[in-house]
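Structure provided below as structure tokens; questions to follow.
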Amino acid sequence: MARLSIEGLCKGWDFPVLDELDLQVEEGEFFIVVGPSGAGKTTLLRLVAGLETADAGRILLNGEDVTTVPPYQRGIAMTFESYALYPNMTVFKNIASPLVARKLDRHTIEQKVTAVAKLLQIDHLLDRKPGEISGGQKQRTALGRTLVADPKAYLLDEPISHLDAKIRHELREQFQTLEALHTVGTLYVTHDYSEALALGDRIGVMGGGKLVQTGTPRELFDFPSHAFVAQQLGQPGINLLMTSLTEDGGKTYLRSRDGNLKLILDEEQRQRLNGRSNAEVLLGIRPQHIRILAPRQKAPAKHQMVDARIEQFQPLGSMGIAITRAHGIDLKALTPPEAAHIGAQEVRLAIFSPAFHLFDPISGKRI
Amino acid sequence: MSTLAQDPSAVIVMTVSDPSPKWFTGRKKSTLIVARWVPLALVGLPVLTLLAIVIYPTIWMFYHAFQNTNMIRLFRNDWSYVGWENFATIFQSERFTDSLQNLVLYLTFGTGVEVLLGTIIALILYEVVKSNALRTVILILVVLPMMLPPSIVGVLWKFLLTPSNGAVNHALLNLGLISTPIEWFNAGISLWSIIIADVWNWTALPLLIIYSGRVSLPPAIYEAARVDGASGWKTLTRITLPMLKEVIAIAFIVRFMDAFKFVDLVYVMTSGGPAQSSELPAYIAFQRGIREFNIGEAAAYSIVIFAFSAIIITLFLKYLKKVLKSQSIA
Amino acid sequence: MSETNYKLVRGLLLAFLGLWVLLTLAPFYWQIITAFKSAAETNLTVPTFWPREFFPENFVAIFAEPANFSALVDSFIIATGNTVLSVFLGTLAGYAFARFPAQAGGENLAFWILSNRMFPPVAILLPMFFLFDSMPWGTDSYMSLIILYLVFNMPLATWLMMVFFRDAPRELEEAAYLDGYTPFKAFFKITLPLVLPGMISVSILCWIFAWNEYLFANLFVGTAVKTFTIVIPTFTQGSQTLWNLQMAFSLIAMIPPVTLFILLRRYMVRGLSLGVVKG
């Protein structure tokens, strides 16, 4: 039995936001919903928390229908994007709040709060007010308040998006090590795909009021079911180009609609495209599958060679991004850290063809 | 997904495919947090209280405005319907047109001057006085008159303006500004006495509002202006005044609406006299009903003022809504 | 602009400000010195700009008359009673408008409530007089003024409490629900402490308006109940106005509103500008 399961959830205000969304968080699972801003991620959390009423659909918690249970009886804990710390209370009182609500005795409260604070390394701040601590410490306090509540499920709304990079990485590690989050069931919402890939046991990509695809990070990254999913995951983003299927000399090509880029398909890919009435194909190539060859270097196996010109190069330290132009088509390529390129440099690209992603240009679905 | 076919490199936006699915029935009012009746109950008690207070008077007024009711007839219970006669009497009477004239004077030289002076003084106080403590002290001092009840203001100014041995006349005489005492409560001047007292009493309100508005303007804009080398005058006319436009408007309207209710200073200082020369419309309504016992006409007066205020209030509330929306308060 | 010009303009502006402060304070000066003059000295043909002889007996005389003291008490009872009611009702409605606008009748109802404050009081003065006359409490009572003042104070309280509740982030309340507090408890534990400063300023504002009210009081009460505002103009002896007593009593009656204003002026600007300007 799933810890949290959402069936056909619908919600709209002036326009529909969630449209028959289904989602299951298994026992002990860390489930991440990723999607662009405005996709309805926060709405989803608020519905699960009971802060909004569902227009249709059911929310089940441990198999029990809680769709109409008010938030204060659901036993769900949530951190807010804005942290929502009580400004008039100390950090201690903020964390203790759910325990006080449950009327636990003072000694137990003190014990639990101190333990959680120690775990989150904020035990030295317990007497401060939220106005006197940093953003990262605020987030830890908010997290403390949810952890101490011992809920049936955790909801985390963009918990680290507004923090600076260093703190973000610290907290990311914290999320991985916090046992509680991995024993009950956590629904974590973010717009940052790298958080999703790094933290999620499973990921759901949200779009069009639904989860477009659900799966492990690997599955989603390697086999996106939809061009939208492919575009959401990965930085720099996937190269998408409109092509049409052509046959020439017994070989099957994808020829770009603009420009004159021709890429050969292998047998397996040709099979997949068989029997399609529409010759148009949306081709996706991840930048890491495009390599820039050194002069006179031979193309590695299963790679196709394409002449191109460097338009722009961004060295990022641990890697580099080259924007190249090949036969009238812009292609982003990932380069190793030591690479250095200059604009207008003529190069040859090696494209790893087995990793082509083929999508239907009308529905966006994977072929 | 057709946008995809147009430009594959664009960011794909996925919206709910069906813009009005079966389940979608527009804005829902229900909430899980409190029962449906709770908000109604919270609002109900105050609204009913207010209704109970204002509904009866409103009906009463609209009824008697068309009757020849006076005090005696009211107690004898024998008033009768007279149609629009009360209104005809009002609009034909010189007393009413004179009071309108007075109202225009009061609005221009009372309300108008208050807002003008308030703006000027507020800005001088903020821009020229450098010490924070001094600013606070001056602010408190200039706002003091506003804290007085109208009866004290009226009595105080009646005293100050006493023609024979009043402080104002003697101060002016001593300074050589006048050679004979001004008869502050004679016809033609008494309205000005009221206006003077009112300006003293109420300039503080626009001043306080505009001062606070100025305080909350972001300093970054001014730094940018300084970097651009804008002069003080330019900064004032190009930045400060345009940005305070709404605040000044609110201050003006709040005072403007008070003008239609304005009775108490007239009552305490001149009782509308001499010979009804310093009456304002609201005061006549008050006077007709309460001192002259012509209830029908007083009711008609009230309706005229009521109708006029209703128009202005509606316009004002629309404006207020806009201003609050732009500050995302409403 | 050259340096001397700049200094000149600055000087002129400061002089203007100084003049205004002087003009504002001059009547108070007159009020204070008159309060210390004897009755005879206030009626001299040439007024004295400094009391010849200090006459603090005026203040003694005021409190020697129990009616004067009870006028202050009456004003206090009415102002306080009305403030409690206004703020209580205003808090209920303001909260509903801020948190459940759709369920509570929406924006237009809130604007209707506010509009009641703006209508001229003459419109309700007469009918209310006759209505209250036939009520068990009559016109000449605490009750009549406490109820009447709701007309202008309750809309103000409702409107301002709505603005303050909107300022208090809704998410804090929601966090409290998730902590397990019922809406009722969350309101008292989280929201109320947050709006308390606003609530105090609303109370003070209502209290000052009620304390200073003159027109209704003048018509409705006067025998069993007297507010100080209607008592002050009655200090006369024959046709002589006892200016010294009027000024002395008004000085005393000014103390509460002026003190409250000085202490809490920061919050009150918000109220006076109907929530538009943050103090």
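Note that the coordinates shown come from a computational prediction; the quantities given were computed from them, not determined experimentally. Every heavy atom of this structure was used, including side-chain atoms; hydrogens, water molecules and symmetry mates were not.
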- Query: Considering only heavy atoms from C-beta outward, does the side chain of C:Tyr214 approach that of B:Pro149 to under 4.5 Å?
  - Reply: no

- Tell me, for C:Phe228 versus chain B, whether the close heavy atoms (under 4.5 Å) come from the side chain, the backbone, both or neither. side chain

- Task: Would you mind reporting whether C:Phe28 and B:Leu148 have side-chain heavy atoms less than 4.5 Å apart?
- Result: yes

- Task: Side-chain contact test, heavy atoms from C-beta onward, threshold under 4.5 Å: evaluate it for B:Phe159 versus C:Gln246 and give yes or no.
- Result: no

- Name the region of C:Leu13, side chain, backbone, both or neither, that has any atom closer than 4.5 Å to a heavy atom of chain B. both

- Task: Let me know if B:Thr49 has heavy atoms under 4.5 Å from chain C in its side chain, its backbone, both or neither.
- Result: side chain

- Query: Between atom CG of C:Leu114 and atom CG of C:Leu156, what is the distance when rounded to the nearest 0.5 Å?
  - Reply: 8.0 Å

- Query: Heavy-atom distance under 4.5 Å to chain B: side chain of C:Leu125, backbone, both or neither?
  - Reply: side chain

- Query: What residue pairs, at least two apart or across chains, pass side chain to side chain donor-acceptor pair (under 3.5 Å) with a residue in residues 14-23 of chain C?
  - Reply: C:Trp20-C:Thr24

- Note on the structure: Residue from C:Phe97, C:Tyr95, C:Trp112, C:Trp211 scoring the most non-hydrogen pairs under 4.5 Å with chain B is C:Trp112

- With chain C, which of B:Val128, B:Ile120, B:Val143 has the greatest number of heavy-atom pairs at distances under 4.5 Å? B:Val128

- chain B heavy atoms under 4.5 Å from C:Pro183: which part of the residue, side chain, backbone, both or neither? side chain

- Task: Counting only heavy atoms closer than 4.5 Å, note whether B:Tyr267 contacts chain C via side chain, backbone, both or neither.
- Result: side chain

- Pi-cation contact, C:Trp30 with B:Lys158 (under 6.0 Å, within 45°): no

- Would you mind telling me which of B:Ile138, B:Leu156, B:Thr58, B:Leu40 has the largest number of heavy-atom pairs within less than 4.5 Å of chain C? B:Leu156

- How would you list all residue pairs meeting salt bridge (charged side-chain N to carboxylate O under 4.0 Å, His left out) that involve residues 200-216 of chain B, not counting sequence neighbours? B:Glu127-B:Arg214

- Item | B:Ile253 portion near chain C, given a 4.5 angstrom heavy-atom threshold | neither

- At a heavy-atom separation under 4.5 Å, does B:Ala167 approach chain C through its side chain, its backbone, both, or neither? both

- Message: I'd like to verify something: which residue of B:Leu45, B:Asp264, B:Thr314 has the highest number of heavy-atom pairs under 4.5 Å with chain C?
- Response: B:Leu45

- Message: Counting only non-hydrogen atoms closer than 4.5 Å, does C:Phe49 touch chain B with its backbone (N, CA, C, O), its side chain (CB onward), both, or neither?
- Response: side chain

- Among the options B:Ile312, B:Ile305, B:Leu144, pick out the one with the most heavy-atom pairs lying under 4.5 Å from chain C. B:Leu144

- Answer with side chain, backbone, both or neither: which region of C:Phe16 has an atom nearer than 4.5 Å to a non-hydrogen atom of chain B? side chain

- With side chains defined as the heavy atoms from C-beta onward, is the minimum distance between B:Met147 and C:Met254 less than 4.5 Å? no

- If you count heavy-atom pairs under 4.5 Å between each of C:Ile230, C:Asn218, C:Thr241, C:Val21 and chain B, which one has the most? C:Asn218

- Under 4.5 Å heavy-atom distance to chain B, tell me which part of C:Leu219 shows up: side chain, backbone, both or neither. side chain

- Side chains of B:Trp157 and B:Asn201: does their closest heavy-atom pair fall under 4.5 Å? no

- Measure distances from B:Leu117 to the heavy atoms of chain C and classify the residue's part below 4.5 Å as side chain, backbone, both or neither. side chain

- Query: What part of B:Ala310 is in contact with chain C, defined as an atom under 4.5 angstrom from a non-hydrogen atom: side chain, backbone, both or neither?
  - Reply: both

- Item | Min side-chain heavy-atom separation C:Phe187-C:Thr91 under 4.5 Å | yes

- Side chains of B:Trp200 and C:Leu23 in contact at under 4.5 Å (non-hydrogen atoms): no

- Side chain, backbone, both or neither of C:Thr158 within contact of chain B (heavy atoms, under 4.5 Å): neither

- Any side-chain heavy atom of C:Met128 within less than 4.5 Å of one from C:Phe216? no

- Query: What part of C:Asn108 is in contact with chain B, defined as an atom under 4.5 angstrom from a non-hydrogen atom: side chain, backbone, both or neither?
  - Reply: side chain

- Task: Measure the acute angle between the ring planes of B:Phe62 and B:Phe306, then classify it against the limits of 30° and 60° as parallel, tilted or perpendicular.
- Result: perpendicular

